[in-house]
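Here's the structure, in structure tokens; my notes come after.
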Protein chains: 4
Amino acid sequence: MTSQPAPLQEPTRRERRIQRQQKAIMDAAAGLFAQKGYRSTTTRDIAEAVDIGESTLYGYFSGKKEILQAILSQQAGAVDSLLVHLNELEDRQSFADLVDLLMETILARRVYNRVLVAEAWTDDEILQAYVIENWQPVMQTLQDFISMKTATGVFRPLDPALGARMIVACFIAAILPVLRGVESPPSPEQRHALAGSIVEIISNGLYLQKGQA
Amino acid sequence: MTSQPAPLQEPTRRERRIQRQQKAIMDAAAGLFAQKGYRSTTTRDIAEAVDIGESTLYGYFSGKKEILQAILSQQAGAVDSLLVHLNELEDRQSFADLVDLLMETILARRVYNRVLVAEAWTDDEILQAYVIENWQPVMQTLQDFISMKTATGVFRPLDPALGARMIVACFIAAILPVLRGVESPPSPEQRHALAGSIVEIISNGLYLQKGQA
Amino acid sequence: MTSQPAPLQEPTRRERRIQRQQKAIMDAAAGLFAQKGYRSTTTRDIAEAVDIGESTLYGYFSGKKEILQAILSQQAGAVDSLLVHLNELEDRQSFADLVDLLMETILARRVYNRVLVAEAWTDDEILQAYVIENWQPVMQTLQDFISMKTATGVFRPLDPALGARMIVACFIAAILPVLRGVESPPSPEQRHALAGSIVEIISNGLYLQKGQA
Amino acid sequence: MTSQPAPLQEPTRRERRIQRQQKAIMDAAAGLFAQKGYRSTTTRDIAEAVDIGESTLYGYFSGKKEILQAILSQQAGAVDSLLVHLNELEDRQSFADLVDLLMETILARRVYNRVLVAEAWTDDEILQAYVIENWQPVMQTLQDFISMKTATGVFRPLDPALGARMIVACFIAAILPVLRGVESPPSPEQRHALAGSIVEIISNGLYLQKGQA
DNA sequence: CATGAATGAGCGTTCATTCAT
DNA sequence: AATGAATGAACGCTCATTCAT
């Protein structure tokens, strides 16, 4: 008895405090991983950045590797939510809005994504589990969209896989310096304009078409 | 005849043997750096890959870091040679040939380039010294080309910097899996066809133009 | 009473434990440095002598070199305190007491001083920073004392610098085997008698003077 | 047959060349050992100083340690020759000449002696084999001399061992900076004058004696 | 729950010595 | 006889992790 309150669902207080601390550790660690790489970042670096004792980290994560995995996992959900919008992609949905959303999604957690790129670049398991696994549905949806457009004579005949890759490449290239950490993220307005330009290029190419004035 | 004194060029025998050994070390190291990252690759790993004693490495390089720098430096010359072709880029020179050459250049040392990307992603000095320094002239030339085409009404009005970035992004995206090490390099024929497709897309876009049939 | 807040001086508990451990490391290291020399003593040797892990050393000193410097620095303060007595050196203060004090001071940290001699013998910076720097004032005071005695006709005419050096040489020679580690240190009584004999010789020489009987 | 000339005593030509090379190595090594210590001097350092290949050293000495021992052994003979003069030490032989000779002997090979002091200070075997072994006869002779003088009423009553140590201490102290390498060696005239001063002090002390004017 | 202290495993590097040429 | 090349052994030091408090 002794007035034990709410024995079942208790994600309250202590639980939240733990999650807040975990997020603080992940943010600090991600910043360091992005700057110096996972391997060159020491647990001492992380602990100092969060201003806690080095061994306190082990109360929130089972080790350095788990901190990395927690950071990498963060992106999975975010990309999933994209699928909803992608599946609705029809003519009435402008490309620009989609690209804008993709860029916004990636930039929202740009530090986490920078870490993801760094690690996936040298680690096959991470590439598979956190990149291919998450982006495969996106690429597939894009390919299906292209196939449909090609079949209906809207798009020129082209390899859907290559087309999908080009689309993604173009908008990622546009934000690469931000992702890499050498440029500031664009304002929503800038980003929107950028998305428009990219879609213009990818849709109609560099060459001026006749009749476009 | 027989008494050829050869007084000048004397990089013979021993010199060549040293350079051969240095290349063997660099190749082995690059493979390991690409797989596990520079930091996670130990000098013991490298020595075992070349099948020499760990301390023998130090007869050819002053340290682990110097091996990395030798690998990174390799690319500088290759990119320089591109500029010659870029500067000749006129109407009569097809885009496709240029893109083909760019891809060939990058893929020729694809393992070295994979290491370069990995390190430049987390190290600002390497990014500056080995990427920006080398690619800036290439990007500038591309921008100038685009500006010229835009001014003469051949290209649509667009930001030359963005256009240049799109061009590079498209062909790099096409070979990214090879660079990353998860796909085999294309045959020259495949590569040539790929270059054609990329140029087609980047030139005229995804949409089928009227009058193109 | 009991509510003593002690707001200022707080080198308590942990601070003292750290200093105790540092001293234990310094003592063990000094013994090894004295026996085998600094260069031939490994950090593993020191750690084993203190019975701690090798890496634990680095929690108390930043490296092997810092352990040496801590040992060398120890003597500075001790020599400084001598100056007080030296400056009071007048007729009423017997030479013997001064020499006794000098010997006691040196022998109190004889192992540290043995290390100091060893390193100063081959390292100019250490010679300057830890020997000349500390002993210069002592030598100067002795020279001033001799000059004064010479001027007043008590001492024979002689080079004060040479005289000072002879004084120091004689008492150091007397304790050299102890400093070197091949003899046990003398008891206070033995040391006192030794000081008397040395002063007798340095004062009146080996020759029996007329009228001394 | 084959006209083999002089099969027995053949310390000619080749033998002498070997000895000349050995001496060159010993001199270079002694200079380095004196500056940086035996342990901190590498075989590469020595080889470079003699301008030969590192492995060539092993044609003249069996290893680094043997070079050191050859250097240390050099002094043995020199000290032995002193004994002849010491044994002739009588009244008619002035102290000053003896001290002058001692100083000259030590300074003649001052670099070798600096190495000897350095190594004997931390190595008991070297102390025994190269210092005590060589200097014991000298000390003994001095003690016998003092005992005789004391018995005949010329010297004051004193411990012969202490007296002998004082004598040696005084003249070594006078040349210590030269031995250490921070002062240039004195000219023969300077050395002679120095010897006179030292003998004056050690004989009659610092105090002005009555009747000495 | 937080942490200072401790540490084993392993890192990059040096060096005296050997050996084929 | 001379040496460039090679290397095992060992060095000083770092760090992710554990544990007593």
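Protein chains get the first letters and strands the later ones, always in sequence-line order, with residue 1 at the start of each.
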Q.
Let's see if you can work this out: which of F:dT18, F:dT3, E:dA16 has an atom nearest to the side-chain heavy atoms of D:Y58?
A.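 Closest nucleotide to the D:Y58 side chain: E:dA16.
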(Q) Taking the minimum atom-to-atom distance to the side chain of C:K64, which one of E:dT18, E:dC15, F:dC13 wins? (A)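 In terms of side-chain proximity for C:K64, the closest of E:dT18, E:dC15, F:dC13 is F:dC13.
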[N] phosphate, OP1 or OP2, under 4.0 Å from [X] side-chain N/O:
X: C:R44; N: F:dC13; answer: no
X: B:Y60; N: F:dA5; answer: no
X: A:S55; N: E:dA2; answer: no
X: B:Q21; N: F:dA6; answer: yes
X: C:T56; N: E:dA5; answer: no
X: A:T43; N: F:dC15; answer: no
X: A:R14; N: E:dC1; answer: yes

Taking [atom1] from [X] and [atom2] from [N], how many angstroms apart are they, rounded to a whole number?
X: C:I67; N: F:dC11; atom1: CD1; atom2: P; value: 15 Å
X: A:E54; N: E:dA6; atom1: CD; atom2: P; value: 14 Å
X: C:I46; N: F:dC11; atom1: CD1; atom2: P; value: 11 Å
X: A:K65; N: F:dC15; atom1: NZ; atom2: P; value: 16 Å
X: B:R13; N: F:dT3; atom1: CZ; atom2: P; value: 20 Å
X: A:Q69; N: F:dA16; atom1: CD; atom2: C1'; value: 15 Å
X: A:E48; N: E:dA2; atom1: CD; atom2: P; value: 18 Å

Q | Complement of F:dC11, any strand, by Watson-Crick or G-U distances under 3.5 angstrom | A |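 The base-pairing partner of F:dC11, which may sit in any strand shown, is E:dG12.
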Q | Pairing partner of F:dT17 (Watson-Crick or G-U wobble, both distances under 3.5 Å) | A |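 Per the H-bond distance test, E:dA6.
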Q) Please walk me through it: do A:R180 and B:D124 pass salt bridge (charged side-chain N to carboxylate O under 4.0 Å, His left out)? A) CA-CA 10 Å; A:R180 170 56 180 79; B:D124 286 345; 2.8 Å; yes
Q) Contact class for B:I52 vs. all strands (heavy atom < 4.0 Å): base, sugar-phosphate, or nothing? A)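 Since only primed, P, OP1 and OP2 atoms lie under 4.0 Å of B:I52, the category is sugar-phosphate.
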Q) When we call it a touch if two heavy atoms are under 4.0 Å apart, what does B:S40 touch: a base, just sugar-phosphate, or nothing? A)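 The residue B:S40 makes no contact with any strand.
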(Q) Cation-pi check for A:Y38 against A:K64: NZ or CZ below 6.0 Å from the six-membered ring centre and within 45 degrees of the axis, yes or no? (A)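 Positive - A:K64 is close enough to the ring of A:Y38 and near enough to its axis.
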Q. Between the base of E:dG12 and the side chain of B:T42, is there a donor-acceptor distance below 3.5 Å?
A.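 It does not, because no donor-acceptor pair links the side chain of B:T42 to the base of E:dG12 below 3.5 Å.
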Q. If only atom types and distance count, is the side chain of D:R114 paired as donor or acceptor with the main-chain N or O of D:A30 below 3.5 Å?
A.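 Not a single qualifying donor-acceptor pair exists.
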Q) Which atom pair, heavy atoms only, marks the closest approach of D:M26 to D:F61? A)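 Scanning both residues completely, I find the closest heavy atoms to be CG-CZ, 3.7 Å.
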Q) Which residue, B:R39 or C:I18, contacts DNA chain E at a nucleotide closer to its 5' end, judged by nearest heavy atom? A)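 The residue whose closest nucleotide sits nearer the 5' end is C:I18.
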Q. Rounded to the nearest 0.5 Å, how far does OH of D:Y58 lie from CD of D:E66?
A.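 Going from CD on D:E66 over to OH on D:Y58, the span is 11.0 Å.
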